[in-house]
Chemist: 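The structure that follows is given in the form of structure tokens.
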Amino acid sequence: MIRFLPRWGAVLVAMSAIVLSAPVPVSAEPTGATVTWAVQPADARGPDGRRWIEHTLDPGTVLTEHLAVRNFGDAPVVFALQAADGYLTDKGRFNMLTSGQESVDGGTWITLPETVTVGAKQTTVVPFTITVPPDATPGDHPAGVAATVTSAGGTVAVQSRVGFRVMLRASGTVTAAVAVEDLSVRYERSWNPFSPGDVHLTFTAQNNGNVAATGDGSVRVGELFGLAGRSAATDVPELLPGDGRKVEAHVGGIWGLGRLTTTVEVTPTVVSGDPAGADIRPTTISVTAWALPWPQLVLGVLVGTLLLGWRTISRRRRRKLARLLEQARAEGRESVRVAD
């Protein structure tokens, strides 16, 4: 929430809807009339079918691009246009900074008109300029562009916007590196002694490269000093440069027989563009934890106790039987001497 126009006591609420696939109309009511509109990439003639704009450019390059604003309403509308740095939300959806947040990266490379007026049931193509700084560092510099309508209602103003991502990559060495940090391992045993437990683990996947990347990961848990073990696959979601995301995984079929060595391997993959010649940096990290098979130990103690008890009772019975037999023999010998 951004405080806006304090003299009027109005509050501007930013409602972002950055369209990533086919344009989805968005509705708002700026003056009591419903406005429905969409924004999508275009060429000079109109929408060109792209889902978003993507370019790899040399530092110092100046490029003209286009966006199309479609007004589905019954009256002309003045839309505010905005470009800003792009980012991924906690749920992995692409978004862009709000008007109250300062852009410092790809959003500053884009220059476009402040407003555009689109007639009823009309589509207007707006050219804009992408200027790559001469000192731009190699790699991705994500941004977004959007058309905005502000709805006024009493002392509250609601800003609704819709747009698309602009993926800008400065040429140079592409490095895809996803580090595994803060690896935490927890063994969850099954109290059924005839069933193994699970290893649950969490870690932070950190994009230390300069391009958007995902990762194909694997987890292996070894026990009995590596003589036994289980493996499972895990995927790292899309990460923009500098992004970190928590990843969870679990490996089943682990008995917890002493020392458990958990190894996580992640091989990054470049999300878009030409990955040829990219510097791909796999990551491997291991941690060791200890787990005792308490259910099996308890079962062993119970079985051992039962066996010891059975053995003790059997010995007592044999001894008693031997005493009875010896007593019977003694009585027999005594009866023979009396008869004589």
Side-chain angles (χ1 to χ4, degrees), residues 20 87-95 175-209 211-271 275 280-312:
L20 303 183
Y87 67 95
L88 294 177
T89 67
D90 292 339
K91 295 183 178 180
R93 301 186 63 179
F94 189 86
N95 208 334
T175 301
V178 177
V180 176
E181 301 177 354
D182 302 325
L183 177 59
S184 175
V185 177
R186 174 175 56 88
Y187 178 64
E188 186 175 289
R189 63 178 51 84
S190 170
W191 289 104
N192 179 354
F194 302 103
S195 177
D198 296 331
V199 167
H200 296 265
L201 61 129
T202 60
F203 61 89
T204 298
Q206 182 69 39
N207 187 346
N208 291 335
V211 293
T214 59
D216 296 323
S218 65
V219 180
R220 176 173 175 78
V221 179
E223 52 186 339
L224 289 178
F225 300 96
L227 298 178
R230 294 274 185 160
S231 299
T234 185
D235 295 325
V236 174
E238 180 182 358
L239 300 170
L240 295 179
D243 279 353
R245 187 75 52 80
K246 183 178 179 181
V247 179
E248 299 182 358
H250 84 279
V251 181
I254 304 300
W255 289 98
L257 304 175
R259 189 175 73 174
L260 302 179
T261 301
T262 302
T263 301
V264 179
E265 297 182 359
V266 175
T267 300
T269 302
V270 179
V271 170
I280 306 297
R281 300 179 182 179
T283 297
T284 301
I285 187 172
S286 298
V287 296
T288 299
W290 289 85
L292 293 177
W294 290 112
Q296 291 77 18
L297 291 175
V298 171
L299 178 62
V301 170
L302 290 176
V303 171
T305 301
L306 291 175
L307 289 175
L308 181 60
W310 176 80
R311 183 178 180 183
T312 300

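The basis for the numbers below is simple: all heavy atoms, side chains too, and nothing from hydrogens, waters or symmetry mates.
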Chemist: Judged by atom type as modelled, is there a donor-acceptor pair below 3.5 Å linking the side chain of T261 to the main-chain atoms of G222?
Modeler: no

Chemist: Tell me, do T263 and T284 make a side-chain contact under 4.5 Å, heavy atoms counted?
Modeler: yes

Chemist: Which atoms form the tightest heavy-atom contact between A205 and V236, and what is the distance?
Modeler: CB-CG1, 3.6 Å

Chemist: Would a 4.5 Å heavy-atom cut-off, applied to side chains only, mark F203 and D182 as touching?
Modeler: no

Chemist: Answer yes or no: is there a donor N or O on one side and an acceptor on the other, between the side chain of N207 and the main chain of L239, under 3.5 Å?
Modeler: yes

Chemist: Side chains of V287 and V264, heavy atoms from C-beta outward: is any pair under 4.5 Å?
Modeler: no

Chemist: If you compare all heavy atoms of L240 against all heavy atoms of A212, which two are closest, and at what distance to 0.1 Å?
Modeler: CD2-CB, 3.8 Å

Chemist: Checking R281 against N208 for the side-chain contact (heavy atoms from CB on, under 4.5 Å) test, could you report, in this order, the C-alpha distance in whole Å, the side-chain angles of both residues, the deciding distance, and whether it holds?
Modeler: CA-CA 10 Å; R281 300 179 182 179; N208 291 335; over 6 Å; no

Chemist: Going from CZ on R220 to CZ on R230, what distance comes out if it is rounded to the nearest 0.5 angstrom?
Modeler: 10.0 Å

Chemist: Within the side chain of Y187, is there an N or O that forms a donor-acceptor pair under 3.5 Å with the backbone of L260?
Modeler: no

Chemist: For residues E248 and T234, report the shortest heavy-atom separation together with the two atoms involved.
Modeler: O-OG1, 4.0 Å

Chemist: With a 4.5 Å cut-off on side-chain heavy atoms, are P237 and V247 touching?
Modeler: yes

Chemist: Search all heavy atoms of Q206 against all heavy atoms of G244 and return the closest pair with its distance.
Modeler: OE1-CA, 3.5 Å

Chemist: Of all the heavy-atom pairs spanning V178 and P268, show the shortest one and how long it is.
Modeler: CG2-CB, 3.8 Å

Chemist: For T283 and A179, which heavy atoms make the closest approach, and how far apart are they?
Modeler: OG1-CA, 3.9 Å

Chemist: Quick one: does E188's side chain have a donor or acceptor within less than 3.5 Å of a partner on H200's backbone?
Modeler: no

Chemist: If we check side-chain contact (heavy atoms from CB on, under 4.5 Å) with R245, which of these qualifies: L88, T204, D90?
Modeler: L88

Chemist: Take V271 and T214 through the side-chain contact (heavy atoms from CB on, under 4.5 Å) test and state the conclusion after the steps.
Modeler: CA-CA 6 Å; V271 170; T214 59; 3.9 Å; yes

Chemist: Kindly indicate whether the side chain of S231, heavy atoms from C-beta on, has any atom under 4.5 Å from the side chain of V251.
Modeler: no

Chemist: Can you tell if the side chain of D235 reaches within under 4.5 Å of the side chain of D216, non-hydrogen atoms only?
Modeler: yes

